[in-house]
Novice: 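I'd like to ask some things about the structure below.
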Number of protein chains: 2
Amino acid sequence: MPAKRPPARSTAGHSPQEHAPLELERFLPYRLSIVSNTVSQAIADDYQRRFDLGVTEWRVMAVLARFDGLSAREVAERTAMDKVAVSRALARLVQAGRVSRAVHDGDRRRSVLNLTEAGWAIHDEVAPMARRRERELLAKLDGEEQAWLGRILDKLMPDHEPPP
Amino acid sequence: MPAKRPPARSTAGHSPQEHAPLELERFLPYRLSIVSNTVSQAIADDYQRRFDLGVTEWRVMAVLARFDGLSAREVAERTAMDKVAVSRALARLVQAGRVSRAVHDGDRRRSVLNLTEAGWAIHDEVAPMARRRERELLAKLDGEEQAWLGRILDKLMPDHEPPP
DNA sequence: TGCAAATGGTTTCATATGTAACTATAACGG
DNA sequence: CCGTTATAGTTACATATGAAACCATTTGCA
């Protein structure tokens, strides 16, 4: 262990002015990002290696499992990803035979996307995993806290009203 | 507006089994990541362009503002970044004359890091900005919600006890 | 001592991601 | 109709990020 550890004093005795440094560990956006990244990473680790499936790809699969025949743009709306990310995720998914892509009748710019059998098979393995992780996360909170967290996230969520 | 929008039914009438698709917008890790990314991005936009300063660099500056003479590894601990990210951030900061790097007496592997005058000048502009953004974020919540959020994040935070 | 293992830090390489430019098709206005 | 503008999606480029290999130094210990 190293000989000296300077005391955790503030403003580094540097100059006359008060520098009011930010305390990262009490800074809300910082804490949010730590928690969020830790959680996402834990979940992703479950399927990332096993299925060679990225987070973005999984999100696309998740919406296609609920809404079939979406276009790439609609997928983007529902996943809060931008269209480039969706395009790339789809390229991999189609390539891997997990999603089928057809052309929309009457608008040949649009794709019509669906999970394939292989896609469904993966979905049906990953979805329960993800839910299990979510439960593990929530298990750290008591019921009251869980309820508050839900409400708070609703309030903080940028209004991103997907079509009903 | 396009002619048809398929109803939001589940499981895509695909096969006999129940597919139990994940509802992303109710999935906690997903919502967390949306909120976190939105907030971080909003803050970063403030200084990113103005000072050509990345989020990682700002975090390094923030800890150096509170603790002078840290080594890179100590910075990494306090920012929850990995050492590669810290190394890179430091390279840019030192290059830009915002952080000074010396060699530790008695352990020549270690660096001894400090903000320079230029670094302090930037810090003193960015820190209040960041705080203002945090206040804006919290303004969306009432007092009770703010308190709960703080407690909840504490509980969800991975135990990452930096040395006192 | 002296040498294996550990530590601080940087570099390398493969991937991921964001922005802007681009292609193709469709919608609109005269 | 025909040119302009808008939309769906992809490509290209630049930058960011993570994992592992890598150097230098220090520590531990026989």
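Each chain gets a letter, A, B and so on, in the order the sequences are listed, and its residues count up from 1.
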Novice: Between dA24(D) atom P and Arg73(B) atom CZ, what is the distance in whole Å?
Specialist: 21 Å
Novice: Identify each atom pair where a protein N or O and an N or O of nucleotides 1-4 of chain C are less than 3.5 Å apart, giving names and distance.
Specialist:
none

Novice: Look at the side-chain N and O atoms of Ser71(B) and state whether any lies under 4.0 Å from the OP1 or OP2 oxygen of dG9(C).
Specialist: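 Checking dG9(C) against Ser71(B), a side-chain N or O does come within under 4.0 Å of OP1 or OP2.
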Novice: From the options dT25(D), dG9(D), dT17(D), select the nucleotide whose nearest atom is closest to the side chain of Asp107(B).
Specialist: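 Nearest nucleotide to the side chain: dT25(D).
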Novice: Roughly how many Å is it from CG in Leu70(A) to P in dA8(D), rounded to a whole number?
Specialist: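 Spelled out: CG on Leu70(A) to P on dA8(D) is 13 Å.
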Novice: Rounded to whole Å, please give me the gap between CH2 in Trp58(B) and C1' in dA16(D).
Specialist: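 Answer to the nearest Å: 20 Å.
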Novice: Tell me, please, which residues at least two apart from Asp142(A) pass side-chain hydrogen bond (donor to acceptor under 3.5 Å, both in side chains).
Specialist: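 Result, side-chain hydrogen bond (donor to acceptor under 3.5 Å, both in side chains) vs Asp142(A): none returned.
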Novice: I want to check one thing: is the phosphate of dA19(D), taken as OP1 and OP2, less than 4.0 Å away from some side-chain N or O of Arg49(A)?
Specialist: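 No, no such contact exists.
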Novice: Round to the nearest Å and state the distance from Glu74(A) atom CD to dA8(D) atom P.
Specialist: 9 Å
Novice: Can you see which heavy atom on Arg50(A) is nearest to which on Met129(A), and at what distance?
Specialist: NH1-CE, 2.6 Å
Novice: dA8(D), OP1 or OP2 - any side-chain N/O from Ser111(A) closer than 4.0 Å?
Specialist: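 Checking Ser111(A) against dA8(D): no side-chain N or O falls below 4.0 Å of OP1 or OP2.
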Novice: Treating Ser36(A) as the side-chain partner and Leu32(A) as the backbone partner, does any N or O pair qualify as donor plus acceptor under 3.5 Å?
Specialist: no
Novice: Nearest whole angstrom, please: distance from the C1' of dT17(C) to the CD of Gln48(B).
Specialist: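 From Gln48(B) CD to dT17(C) C1': 13 Å.
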Novice: Rounded to whole Å, how long is the line connecting atom CZ of Arg108(B) with atom P of dT25(D)?
Specialist: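 Computing the Arg108(B):CZ to dT25(D):P distance gives 5 Å.
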Novice: What pairs of donor and acceptor atoms, side-chain ones from residues 92-103 of chain B against any protein atom, are under 3.5 angstrom apart with sequence neighbours left out?
Specialist:
from	atom 1	to	atom 2	distance (Å)
Arg92(B)	NH1	Glu57(B)	OE2	3.2
Arg92(B)	NH2	Asp52(B)	OD2	3.0
Arg98(B)	NH1	Phe51(B)	O	3.1
Arg98(B)	NH2	Phe51(B)	O	2.9
Ser100(B)	OG	Asn114(B)	O	3.4

Novice: Any carboxylate oxygen within less than 4.0 angstrom of a Lys/Arg side-chain nitrogen, looking at Glu134(A) and Arg131(A)?
Specialist: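 Between Arg131(A) and Glu134(A) there is no salt bridge, as every charged N stays at least 4.0 Å from the carboxylate O atoms.
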Novice: Could I get the full list of salt bridge (Lys or Arg N to Asp or Glu O under 4.0 Å) partners for Arg49(B), not counting sequence neighbours?
Specialist: none
Novice: Which residue, Gly106(A) or Lys83(A), contacts DNA chain C at a nucleotide closer to its 5' end, judged by nearest heavy atom?
Specialist: Lys83(A)
Novice: What pairs of residues pass the side chain to side chain donor-acceptor pair (under 3.5 Å) test when at least one of them lies in residues 149-158 of chain B, not counting sequence neighbours?
Specialist: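 Qualifying pairs: Arg31(A)-Asp154(B), Glu145(A)-Lys155(B).
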Novice: Quick check: closest heavy atoms across Gly69(A) and Val112(A), and the distance to 0.1 Å?
Specialist: CA-CG1, 3.7 Å
Novice: Please state how far atom CE in Met81(A) lies from atom C1' in dT17(C), giving the value in whole angstrom units.
Specialist: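 To the nearest whole Å, that distance equals 11 Å.
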Novice: So which atom in Trp58(A) and which in Ala127(A) form the shortest heavy-atom distance, rounded to 0.1 Å?
Specialist: CH2-N, 3.7 Å
Novice: Can you tell me the distance, in whole Å, between the CZ atom of Arg109(B) and the C1' atom of dG9(C)?
Specialist: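 Between C1' of dG9(C) and CZ of Arg109(B): 10 Å.
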Novice: Enumerate the residues from residues 84-100 of chain B whose closest heavy atom to DNA chain D is under 4.0 Å, giving them by residue number; use none for an empty result.
Specialist: Val84(B), Arg88(B)
